[in-house]
Participant: 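Mind looking over this structure? Questions follow.
Scope of the values below: all heavy atoms of this structure, side chains included, with no hydrogens, waters or symmetry mates. By convention in this document, chain letters (A, B, ...) are assigned in the order of the sequence lines, proteins followed by strands, and residues within each chain are numbered from 1.
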Protein chains: 2
Amino acid sequence: MCELGFYEERKVLEEGKVAPELVSETLYAWEGALSPHLAAEREGGAVGDSELIKKVERRLEEGLLEDGVERGRLDGFCVVETAGGVASPGASGTLQCDLYRPLRFPGVLVGDGRLGGISGTISAYESLKLRGYDVVAVVIEDHGLANEIPLMSYLRTRVPVFVLPPIPQDPSNDLMEWFDESCNVFNSLKDIMLEAYLERMRRLNEMPRRAGDVFWWPFTQHKLVPPSTVTVIDSRYGENFSVYKVQNKEYITQQFDACASWWTQGPDATLQTELARDMGYAAARFGHVMFPENVYEPALECAELLLDGVGKGWATRVYFSDNGSTAIEIALKMAFRKFSSDHGIFPELLKNNPADSCQELMVLALKGSYHGDTLGAMEAQAPSAYTGFLQQPWYTGRGLFLDPPTVFMHNGKWTLALPEVFHSGNLEPEDIIIQGAGGMHMVDPLFQRMLVNECRHSRIPVIFDEVFSGFWRLGVEAAAELLGCVPDIACFAKLMTGGIIPLAATLATDAVFNSFTGDSKLKALLHGHSYSAHAMGCTAAAKSIKWFKDPITNLNITSEKSRKILLRELWDAELVQQISLHPSVSRVVALGTLFALELQADGSDAGYASLYARSLVQMLREDGMYCRPLGNVIYVMCGPCTSPEICTRQLRKLYKKLEEFTEVKPDTKIN
Amino acid sequence: MCELGFYEERKVLEEGKVAPELVSETLYAWEGALSPHLAAEREGGAVGDSELIKKVERRLEEGLLEDGVERGRLDGFCVVETAGGVASPGASGTLQCDLYRPLRFPGVLVGDGRLGGISGTISAYESLKLRGYDVVAVVIEDHGLANEIPLMSYLRTRVPVFVLPPIPQDPSNDLMEWFDESCNVFNSLKDIMLEAYLERMRRLNEMPRRAGDVFWWPFTQHKLVPPSTVTVIDSRYGENFSVYKVQNKEYITQQFDACASWWTQGPDATLQTELARDMGYAAARFGHVMFPENVYEPALECAELLLDGVGKGWATRVYFSDNGSTAIEIALKMAFRKFSSDHGIFPELLKNNPADSCQELMVLALKGSYHGDTLGAMEAQAPSAYTGFLQQPWYTGRGLFLDPPTVFMHNGKWTLALPEVFHSGNLEPEDIIIQGAGGMHMVDPLFQRMLVNECRHSRIPVIFDEVFSGFWRLGVEAAAELLGCVPDIACFAKLMTGGIIPLAATLATDAVFNSFTGDSKLKALLHGHSYSAHAMGCTAAAKSIKWFKDPITNLNITSEKSRKILLRELWDAELVQQISLHPSVSRVVALGTLFALELQADGSDAGYASLYARSLVQMLREDGMYCRPLGNVIYVMCGPCTSPEICTRQLRKLYKKLEEFTEVKPDTKIN
């Protein structure tokens, strides 16, 4: 390994201008003309990925300062030159395109002007795009083959291609001449880089205002979101957002995605890279193709994995749709039919006019549960802020809604809370379905199991809504495992695709499926969305389902003595307890990938519309943790592969900020 | 250009086996050691892409025959060797990875064992994946750098890597020795290729049965779909499916996707390739990130393009969701609020208990229209086969449903049909919304405009459902252009992403948006799906919206004198008229990318549940056209970029099969 810190400094004079300064530094170098991973191995100079990234970042920060004083920003700019091809291994063995990805610098691709260079250049460009890089220019050496022409045609003028004159064979004599000849190209390159940088900054700067002008954000009172509070997300890498900020100067900083982007997120950086390539492949191989009466590999693989995983032991059929809400609507239609046919509600229905029937079917569901935003899914939930006339005048609440006992940690101890009025009585056959799981309240699993058994007794189909809980969110592949019983129908979405693309599935038993078979198409389940079982979604799901439960790819996977597969504990038990003891915290729940706490709050400070947690959320965001409050509840959610170390770091931050939050009086009444 | 048809034949004896035969043929060759596109240009031997593909296919078919007799299939196999890198231009200038894509042969990637070869091999592999190819093995020449180790690590044992001994510098003397040394590698390669082939065939063969066992297809009576009728889609490329068939032998054949995979499809082959790369990029750069109160480039670009395109002149806000049905549910919630606030229905609603209100709001909609499968969307449509108790017991039909006049071609003439009972009377303020567009019936545009004006008069918000009609489906970017009036709210989905990934948008005016602003979050629109405005969907939409309307990328784009942008006529007027004159055809509609015909049918042969068109559909599928019947309606749908020549080809096929269909009595009563 060469001596590090080798430092070269040269002044290059330009006519009529103040002498700019060229500072070049080799951060790492090895003796052997080998791939860095081999050279580092042989010469004993291994460098860890994060160490290298930190060093690059530090040097760039220092580069902007001279004797501690900030230079005029555009007087200078930095170029980081990598060694080898874009996908050559770095010193650790990680491919360089992966290694530098957290920085996601805009790139100039040095292509190849030789025979075969068109292909090599295009493929290198595609490897960069497949990792989310932006390439602002391509430059090649002229070898008389006009490689730039097919390159420009491929790039469709999106990216300029520059041609450098041939580099002399004997550089010692002629390089100055070559530099003279190449001067225009280098100047253009510099201009393009600066232009791209300025354009990018301009765009990032104006994005909050423009977003506020054209977006209509869901679940958002726009009046409470001035441009200054809008988060500009430049990219995500694994569990982190790269967020653009302006504070004295412009910069990009990392924030842990603690809301798991509405509970969808699962990929670590490695899985994200794999999924990106798979998404490209699926789009290229299939785009989207028609599903009914057809079969294609990703849909079949995904369905078989679902039945062998979350549906194992009970489900035999997979009905695909687009999101949790549609999966629930489908589940309801299945349950209605099954119940009707079990209870003889329409023995002769096909012969008569279906519109004649006016039997009222209702669901049996849990108060505080939430199953989606479309009307059918809403009808199956108890009245709430989301269901009033103001939101959906057609909502009536077609159910019997039970107030279930809940479990949580309070002052360091796990506690069971009984509802104020505990509903009792026999189930009527008109009350037809119970739905498991419920929001951020952890419903007593024994209660849930009891209810499921009761329904089974009365031949009432049971739907499990596993849209949130499915795929390791609660430490097991399906939350049904925690209840120790199985449903007739279950809904999955969110984490199913690893959190990269919308897809939902409603799983059902053979008995449910059979209540739709017959001689007429009219007896079939007439529900379907255009992108049902779309190839990209199924590809992502198949990959993620396998990835999450394989101990080789997910180091959190562990097995109990019972050979049941589980996630290891991700949240440090001591820290969890400590937080639950905090005076501003009323309840805590930690399970699987989820940690949630409820802030002590009364009256208008409590509940969904409360702005009570706002200042705490703001403090956390400033400390690199992107939280989103749910009223006076704060939650932190990681992916199934996130290391316990990362989780601990988040809890520590949270605890620290809780202390600060308690010290300052939160400005709950101001927007 | 070398003489073509140069033919080499050699017998290689193996011990104790019947002498296999090695037949090698060079299909195209050029003198110069240049990229084929340059050599072809200089030597005058340009070859068109489709000509080349046809020649390869023909030679492969011939290769399986000896003196016209079929050989034992596994006695021989064919290897097609390409020249240059995977992304080197072919003779026409098309990159070879694009050029050979319609064949989608499984590939052996010849990688690079030299310094820099890891990067080059990985990037080449990624370029192949980005075009939907399957690589069954990688082979490199040993240069003492152990490139296979990082390659295997990158490939995660999905693909084996073989290492060939170094090729001797002077091949004339030693090549036989090298072949001896390499024998094992070549044998393993051969085994892998055969194994991959057999495994693929086995899988393709059993897919229909397995699909029938695990899928629950939407809108499908499974009893009517025996495995023999299941279509195995191996891939899609532009407008065509590659379908696996067994008929005497196994083969893959092309079918034009005439149902546009449930009306979603837009991309030609070039756009599909571009979208595939963009999908990889978006997944790598963003995966999915949280939308509310945030902004990221693809969502912003997509929203701005929507407002500058389909929303131009009226819409100011974009609300993203996942599919047409959710877009409609959102639109309804918007309309309810706007109407309520305009008509003073809840002046004090926020102060009272929202559940108290029992004002009944209804929609005004068209009979025969269809707006989605979730309950809210269903409530806004007239009773039909989809809405009965059998399908959705909660459906009540909360609307006043008008029977509109329709237009179509009958016996060669455009005709206006009035409904049997024409509804008349004043609009009541409780009837609050009209929805445009309707299924395969083309509703008289003048009637629609009249209705819109009437609603505007009564301050009834107007929703246009452009889920199907949007983005050039009907020859204009938004069907509103055909009506000559604008809505308050409009829904888009399907073709919006080019047809590659689910995404929907509900656009609204400022006045609608403003009815949700206030000091409380409870007044905001509390509806949202986890993947709202997901980056991949928005990226695909932004690309497709631009691609479809740019005359450089879409050759069908034309401008009228009025400078209105339109698609040129895609369906040959004479052929359309000829079909409408056919005795088995009762009505024809041709508009934009849609051609539809209704077969003359009575009683149970007519309507949604009819199987009348089945035999015709079967005949068309056998002739390379994947149709899906809608009762006794047959339709052909192309993409906005599909050439009129391709459309004409489909209409000719259709006409030919109509003749055959009329000759044989259709088996309407058998499954």
Participant: Donor-acceptor pair, Gln221(B) side chain versus Leu525(A) backbone, under 3.5 Å?
Facilitator: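 Looks like no, no N/O pair under 3.5 Å.
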Participant: Please classify the contact of Met207(B) with chain A as side chain, backbone, both or neither, using a heavy-atom distance under 4.5 Å.
Facilitator: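 Contact with chain A: backbone and side chain both.
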Participant: Under the side chain to side chain contact (heavy atoms under 4.5 Å, CB included) rule, what do Trp217(B) and Tyr319(A) come out as? Steps first, then yes or no, please.
Facilitator: CA-CA 7 Å; Trp217(B) 286 302; Tyr319(A) 207 105; over 6 Å; no
Participant: Decide side chain to side chain contact (heavy atoms under 4.5 Å, CB included) for Arg337(A) and Leu390(B); before the verdict, give the C-alpha distance in whole Å, the side-chain angles of both, and the deciding distance to 0.1 Å.
Facilitator: CA-CA 7 Å; Arg337(A) 177 74 64 86; Leu390(B) 194 58; 3.5 Å; yes
Participant: Using a cut-off of under 4.5 Å on heavy-atom pairs, state which of Thr387(B), Leu275(B), Asn323(B) scores highest against chain A.
Facilitator: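 Going by pairs under 4.5 Å, I would pick Asn323(B).
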Participant: Could you report the tightest heavy-atom contact between His527(B) and Pro218(A), atom names first, then the distance?
Facilitator: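 What the structure gives for the nearest pair is O-CB, 3.0 Å.
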Participant: So which heavy atom on Glu329(B) is nearest to which on Thr374(A), and how close?
Facilitator: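 Heavy atoms only, the tightest pair is OE1-CA, 3.2 Å.
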Participant: Look at Arg285(A) together with Asp234(B) and state whether they make a salt bridge at an N to O cut-off of under 4.0 Å.
Facilitator: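 Answer for the salt bridge query: yes.
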Participant: Check whether Pro502(B) gets within reach of chain A through its side chain, its backbone, both or neither, counting any heavy atom under 4.5 Å.
Facilitator: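 Both parts, backbone and side chain.
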Participant: In plain terms, say whether Glu126(A) and Arg131(B) are close enough for a salt bridge, that is, a side-chain N and a carboxylate O under 4.0 Å apart.
Facilitator: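 Looking at Glu126(A) and Arg131(B), the cut-off is met.
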Participant: Which pair of heavy atoms, one from Leu526(A) and one from Ala385(B), lies closest together, and at what distance?
Facilitator: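 Of all heavy-atom pairs spanning Leu526(A) and Ala385(B), the closest is CD1-O, 3.8 Å.
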Participant: Would you please test Leu95(B) and Tyr154(A) for side chain to side chain contact (heavy atoms under 4.5 Å, CB included) and show each step?
Facilitator: CA-CA 9 Å; Leu95(B) 304 186; Tyr154(A) 164 82; 3.8 Å; yes
Participant: Below 4.5 Å, heavy-atom pairs only: which of Val225(B), Thr506(B), Val467(B), Val289(B) has the largest tally toward chain A?
Facilitator: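 If we count pairs closer than 4.5 Å to chain A, Val289(B) comes out on top.
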Participant: If you count heavy-atom pairs under 4.5 Å between each of Leu300(A), Asp322(A), Val230(A) and chain B, which one has the most?
Facilitator: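 Ranked by heavy-atom pairs under 4.5 Å with chain B, first place is Leu300(A).
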Participant: Tell me, out of Ser153(A), Pro89(A), Gly116(A), who's got the most heavy-atom pairs with chain B below 4.5 Å.
Facilitator: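 When all of Ser153(A), Pro89(A), Gly116(A) are compared, Pro89(A) has the most.
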Participant: Out of Gln96(B), Met279(B), Gln272(B), which one racks up the most heavy-atom pairs below 4.5 Å with chain A?
Facilitator: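 The option with the most such pairs is Gln272(B).
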Participant: Which bit of Thr229(B) comes within less than 4.5 Å of chain A, counting heavy atoms only: side chain, backbone, both or neither?
Facilitator: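 For Thr229(B), backbone heavy atoms alone lie under 4.5 Å from chain A.
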Participant: Given a strict heavy-atom distance threshold of 4.5 Å, which part of Tyr626(B) is in contact with chain A: side chain, backbone, both, or neither?
Facilitator: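 For Tyr626(B), the side chain is the part near chain A, not the backbone.
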Participant: Who wins among Phe286(B), Tyr133(B), Phe215(B) for the most heavy-atom pairs under 4.5 Å with chain A?
Facilitator: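 The candidate making the most pairs under 4.5 Å is Phe215(B).
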Participant: Based on non-hydrogen pairs under 4.5 Å, which of Ile122(A), Thr517(A), Thr264(A) is most in contact with chain B?
Facilitator: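 It is Thr264(A).
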Participant: At a 4.5 Å cut-off on heavy atoms, which part of Asn147(A) comes close to chain B: side chain, backbone, both, or neither?
Facilitator: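 No part of Asn147(A) comes within 4.5 Å of chain B.
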Participant: Just give me the residue among Ala33(B), Ala284(B), Pro267(B) that pairs up with chain A most often, heavy atom to heavy atom, under 4.5 Å.
Facilitator: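 Answer, by heavy-atom pair count under 4.5 Å with chain A: Ala284(B).
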Participant: Start with the C-alpha gap between Val232(A) and Tyr296(B), add the side-chain angles, then the distance that decides, and say whether side chain to side chain contact (heavy atoms under 4.5 Å, CB included) holds.
Facilitator: CA-CA 6 Å; Val232(A) 180; Tyr296(B) 39 93; over 6 Å; no
Participant: Taking the side chain as C-beta and beyond, is there a heavy-atom pair between Pro292(B) and Phe219(A) under 4.5 Å?
Facilitator: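 No; the side chains remain at least 4.5 Å from each other.
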Participant: So, for Gly287(B) and Ile500(A), which heavy atoms are closest and what is the spacing to 0.1 Å?
Facilitator: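 In terms of heavy atoms, the two residues are closest at CA-CG1, 3.8 Å.
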Participant: Please name the pair of heavy atoms, one in Ser123(B) and one in Ala124(A), separated by the smallest distance, quoted to 0.1 Å.
Facilitator: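 Smallest heavy-atom distance, with atoms named: OG-CA, 3.8 Å.
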Participant: Can you tell which part of Ala508(B) gets under 4.5 Å to a heavy atom of chain A, answering side chain, backbone, both or neither?
Facilitator: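 Side chain only.
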Participant: So for Leu130(A), is it side chain, backbone, both, or neither that comes closer than 4.5 Å to the heavy atoms of chain B?
Facilitator: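 When you check distances to chain B, atoms from both the backbone and side chain of Leu130(A) fall under 4.5 Å.
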Participant: With side chains defined as the heavy atoms from C-beta onward, is the minimum distance between Phe516(A) and His222(B) less than 4.5 Å?
Facilitator: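 Answer no - side chains too far apart.
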Participant: Taking only Lys NZ, Arg NE, NH1 and NH2, and the carboxylate oxygens of Asp or Glu, determine whether Lys333(B) and Asp373(A) approach each other closer than 4.0 Å.
Facilitator: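 Not counted as a salt bridge, because no side-chain N and carboxylate O are separated by less than 4.0 Å.
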Participant: Are Ile233(B) and Val295(A) close enough that some pair of their side-chain heavy atoms sits under 4.5 Å apart?
Facilitator: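 They are not in contact (no side-chain heavy atoms under 4.5 Å apart), so the answer is no.
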Participant: Could you check if a side-chain atom of Trp394(B) sits within less than 4.5 angstrom of a side-chain atom of Leu375(A), using non-hydrogen atoms only?
Facilitator: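 Contact flag for Trp394(B)/Leu375(A) side chains = no.
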Participant: A side-chain contact here means heavy atoms from C-beta on lying under 4.5 Å apart; do Trp262(A) and Phe291(B) qualify?
Facilitator: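 Trp262(A) does not reach Phe291(B) side chain to side chain.
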Participant: Less than 4.5 Å apart, any side-chain heavy atom of Val86(B) and any of Ser119(A)?
Facilitator: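 A side-chain contact under 4.5 Å exists here.
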Participant: Check each atom of Leu307(A) against the heavy atoms of chain B and say whether the ones under 4.5 Å are side chain, backbone, both or neither.
Facilitator: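 For Leu307(A), the contact with chain B is made by the side chain alone.
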Participant: Just checking, is any N or O donor in the side chain of Ser530(B) or Lys494(A) under 3.5 Å from an acceptor N or O on the other one?
Facilitator: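 There is such a pair (donor and acceptor under 3.5 Å, judged by atom type) between the side chains of Ser530(B) and Lys494(A).
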Participant: Is chain B contacted by the side chain of Ile501(A), its backbone, both, or neither, given a heavy-atom distance below 4.5 Å?
Facilitator: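 Contact with chain B involves both backbone and side-chain atoms of Ile501(A).
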Participant: Does a side-chain heavy-atom distance below 4.5 Å link Tyr531(B) with Leu503(A)?
Facilitator: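 When only atoms from C-beta onward are counted, Leu503(A) and Tyr531(B) do not touch, as no gap falls below 4.5 Å.
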Participant: Name the region of Val214(A), side chain, backbone, both or neither, that has any atom closer than 4.5 Å to a heavy atom of chain B.
Facilitator: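 It is both, since atoms from each part get that close.
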Participant: Any donor-acceptor pair under 3.5 Å linking the side chain of Gln391(A) with the backbone of Ala524(B)?
Facilitator: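 Such a contact is found between Gln391(A) side chain and Ala524(B) backbone.
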Participant: Of the non-hydrogen atoms in Trp216(B) and Arg317(A), which two are nearest, and what is the gap between them?
Facilitator: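 For Trp216(B) versus Arg317(A), the nearest heavy atoms are CE3-CB, 4.0 Å.
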Participant: Taking C-beta and beyond as the side chain, do Ser35(A) and Leu145(B) meet within less than 4.5 Å on heavy atoms?
Facilitator: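 Side-chain contact under 4.5 Å: no.
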Participant: Side chain, backbone, both or neither: which part of Arg398(A) has a heavy atom under 4.5 Å from chain B?
Facilitator: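 Contact with chain B involves both backbone and side-chain atoms of Arg398(A).
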Participant: With a 4.5 angstrom heavy-atom cut-off, is it the side chain or the backbone of Ser88(B) that approaches chain A, or both, or neither?
Facilitator: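 Both parts, backbone and side chain.
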Participant: If we define contacts as heavy-atom pairs under 4.5 Å, which of Ser321(A), Pro208(A), Gly212(A), Ala535(A) has the most with chain B?
Facilitator: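 Answer, by heavy-atom pair count under 4.5 Å with chain B: Gly212(A).
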Participant: Applying salt bridge (Lys or Arg N to Asp or Glu O under 4.0 Å), can you list everything that pairs with Glu304(B), at least two apart in sequence or on another chain?
Facilitator: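 Per chain and number, Glu304(B) pairs via salt bridge (Lys or Arg N to Asp or Glu O under 4.0 Å) with Arg203(A), Arg210(A).
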Participant: Suppose we screen for side chain to side chain donor-acceptor pair (under 3.5 Å). Which residues come up paired with Glu274(A), at least two apart in sequence or across chains?
Facilitator: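 For Glu274(A), the residues satisfying side chain to side chain donor-acceptor pair (under 3.5 Å) (neighbours in sequence not counted) are Arg277(A), Lys543(A), Arg156(B), Arg158(B).
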Participant: With a 4.5 angstrom heavy-atom cut-off, is it the side chain or the backbone of His529(B) that approaches chain A, or both, or neither?
Facilitator: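 Answer is both: backbone and side chain atoms of His529(B) are under 4.5 Å from chain A.
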